[in-house]
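Below is one structure, written out as structure tokens; the observations come after it.
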Amino acid sequence: MKKIPHTFVIVFSLILIAAALTWVVPSGEFVRQQEIVQGSTREVVVPNSFHYVDGSPQTWQIFSSLFNGFCDKADIIIFILMVGGAFWILNNSHAIDVGVMAFLKWVQRLTRFRLVSFLGVDNIIITLVMILFSIFGAVFGMSEETLAFVVIFIPLAVSMGYDSIVGVCMCYVAAHVGFAGAVLNPFTVGIAQGIAGLPLFSGLEYRLICWLVLTIIGIIFVLWYAHRVKRDPHKSPVYDLDEYWRSRVGEQVSHPVRYHTPTSAWIVYVLVGLVFVYLSYAMPTTQISVGNSSSNLVIFPVLAVLYAILGWFSVCKSVHFFIIDLLLFTILTLVVGVLGYGWGVMEISSLFLAMGLLSGIADSQNANSLARLFLDGCKDIMSAALVVGLASGILFILKDGQIIDTILYGLTRSLSSLGDVASVGVMYTFQTLLNVVMPSGSAKAALTMPIMSQFADLIQVSRQSTVLAFQFGDGFTNMLTPTSGVLVGVLGIARIPYATWLKWVWKFIIGLILVGFLLILPTIFFEFPGF
């Protein structure tokens with residue numbers, strides 16, 4: 001059997017290919033100007049401004065691109081290291097293991113209900129989790145945040161008799177299917193519509209249908225695969241690799257946990273409670289923004305009351321359940337921070353670091369022990385962090401070689417002689433292929449939408465159709481392109497080689513791309529609200 005190349009080898013090979021293209025493809029660029037989009041200043045392309053420039057073939061830059069890639073993705077790299085270290089501290093307490101086993105025991109009791117037994121408890125769990133993360137992706141563009149959830153859902157999936165791929169699908173794939181079928185995603189739909197001159201989040205009704213169709217397809221595919229793996233675990237492409245996760249889950253069975261509540265857990269309970277009291281006083285209401293609508297909600301006072309009640313019962317039961325309680329309120333605070341205060345990876349990584357340290361303190365770990373555990377977690381996740389910077393080097397080669405604009409210009413010129421369906425199809429194909437080398441939705445919107453929206457006017461196609469083509473093109477290939485820092489980070493955490501993932505996921509992505517095209521077609525022939 002031929003050995004699969006290491007992920008580092010695959011990504012560096014793509015850097016070499018990108019460098020070779022800079023010797024073949026002529027260099028060119030568009031003129032760009034600053035415009036106000038959604039209240040923010042963004043750089044957009046000036047129509048009919050493309051011009052060729054002196055060539056910039058890349059040679060020794062294949063090495064400097066690695067440095068630039070690490071600098072450019074420093075936020076995600078640091079995020080991975082901080083979350084990895086924090087969860088290593090948490091995992092040392094065996095709280096997640098205890099929580100998973102307790103959850104599975106509770107789930108088994110549900111089988112006494114006829115409807116639950118008929119549908120299958122595992123199927124219900126996978127479906128509900130995927131719907132939740134798909135909503136997160138569709139509403140506020142959850143992407144990087146999924147990195148923090150992989151270490152939670154993979155042990156759960158393995159405990160249920162599945163594999164690490166199912167665990168990744170439950171959070172990462174679900175969120176990115178929702179991201180592609182975005183309903184109110186400000187990072188794709190919001191920016192693209194702003195540049196195209198459309199009312200913000202208009203066409204919501206049809207995009208909601210698209211999201212529902214794509215989410216159902218994603219859930220059906222994952223359930224089919226999960227059933228196949230549970231019936232015969234050796235059919236999993238990561239069966240041997242999952243020994244790491246099976247051994248971690250097995251530790252809970254072979255080494256029963258001693259339930260106890262040290263004094264330090266009570267101290268942490270009081271300290272966190274005081275923090276919630278302060279937040280309730282300082283921020284009694286929070287303006288939650290979803291799309292272009294917002295509401296002032298009394299969130300932190302409610303969280304404070306819930307924490308006081310749930311935290312008391314959990315800390316009385318065992319420190320393990322109290323740590324799970326800390327994790328739960330960390331996630332709830334994350335959601336509030338993202339929707340209410342525009343948090344990014346800095347705030348989220350800081351939140352999880354605080355959770356990890358508080359978990360360790362509650363488990364009676366001293367300062368030296370916390371430091372050692374944190375460093376062990378960073379070491380364990382280091383390869384995932386490094387590959388993010390390595391993959392980003394591909395983009396720097398293409399940008400420094402000045403060939404991205406040339407490719408864009410050549411493809412848009414070829415659209416002029418095509419009909420409506422073919423033109424939209426080519427636009428969709430182009431956005432899909434461009435996303436392989438430029439996974440940033442906001443950057444791609446700024447580059448392509450000024451041209452695509454005006455071209456839509458010329459061929460008398462709704463600008464909303466071009467936004468939909470951009471939206472789908474931007475979303476699906478995020479789940480397979482090695483230039484996506486989130487994908488390579490997730491795979492690194494899950495210990496799934498990129499080549500193994502690509503071999504497993506490509507048919508699913510092709511299917512989503514075809515469904516996406518079919519969903520665009522009705523917008524050409526029928527009138528929908530906002531189109």
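Since we're looking at a predicted model, the values are computed, not measured.
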Would you confirm whether the ring centroid of [Y] sits within less than 6.0 angstrom of the ring centroid of [X]?
X    : Y    : result
F352 : F79  : no
F321 : F313 : no
W501 : W506 : no
F70  : F396 : no

Can you tell if the side chain of [X] reaches within under 4.5 Å of the side chain of [Y], non-hydrogen atoms only?
X    : Y    : result
V275 : Y278 : no
F133 : F149 : yes
I15  : S65  : yes
Q365 : N92  : yes
L241 : P497 : yes

I need the single residue from L147, V490, V177 that forms a side chain to side chain contact (heavy atoms under 4.5 Å, CB included) with Y172. Which is it?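 Only one of L147, V490, V177 forms a side chain to side chain contact (heavy atoms under 4.5 Å, CB included) with Y172, namely V490.
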How long is the span from the [atom1] atom in [X] to the [atom2] atom in [Y], to the nearest 0.5 Å?
X    : Y    : atom1 : atom2 : answer
L357 : L326 : CG    : CG    : 11.5 Å
I165 : L491 : CD1   : CG    : 9.5 Å
L310 : L306 : CG    : CG    : 6.0 Å
S143 : N478 : OG    : CG    : 6.5 Å
N368 : N366 : CG    : CG    : 5.5 Å

Surrounding OH of Y244 (heavy atoms of other residues, nucleotides or ligands, distance under 6.0 Å), is the total greater than 12?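 Check passes, neighbour count above 12.
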Item to check | Short N-O contact, K230 and D122, less than 4.0 angstrom | outcome: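 Yes, this pair counts.
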Hey, what's the ring geometry for F476 with F472, parallel, tilted or perpendicular (30° and 60° as the breaks)?
parallel
Taking only residues two or more places apart in sequence or in another chain, which ones pass side-chain contact (heavy atoms from CB on, under 4.5 Å) with K379?
->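 Residues passing side-chain contact (heavy atoms from CB on, under 4.5 Å) with K379: D376.
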Side-chain donor-acceptor contacts of residues 215-229 below 3.5 Å, not counting sequence neighbours, with atom names and distances?
unit_1: T215; atom_1: OG1; unit_2: S134; atom_2: OG; d: 2.9
unit_1: T215; atom_1: OG1; unit_2: W211; atom_2: O; d: 2.8
unit_1: T215; atom_1: OG1; unit_2: W211; atom_2: NE1; d: 3.2
unit_1: Y225; atom_1: OH; unit_2: D163; atom_2: OD2; d: 2.4

For residues 334-349, dump all side-chain donor-acceptor pairs below 3.5 Å to protein atoms at least two apart in sequence or in another chain.
unit_1: Y341; atom_1: OH; unit_2: T286; atom_2: OG1; d: 2.9
unit_1: E347; atom_1: OE1; unit_2: G344; atom_2: N; d: 2.9
unit_1: S349; atom_1: OG; unit_2: V345; atom_2: O; d: 2.8
unit_1: S349; atom_1: OG; unit_2: M346; atom_2: O; d: 2.9

Taking T481 for the side chain and T477 for the main chain, is one N or O donor matched with an acceptor at less than 3.5 Å? no
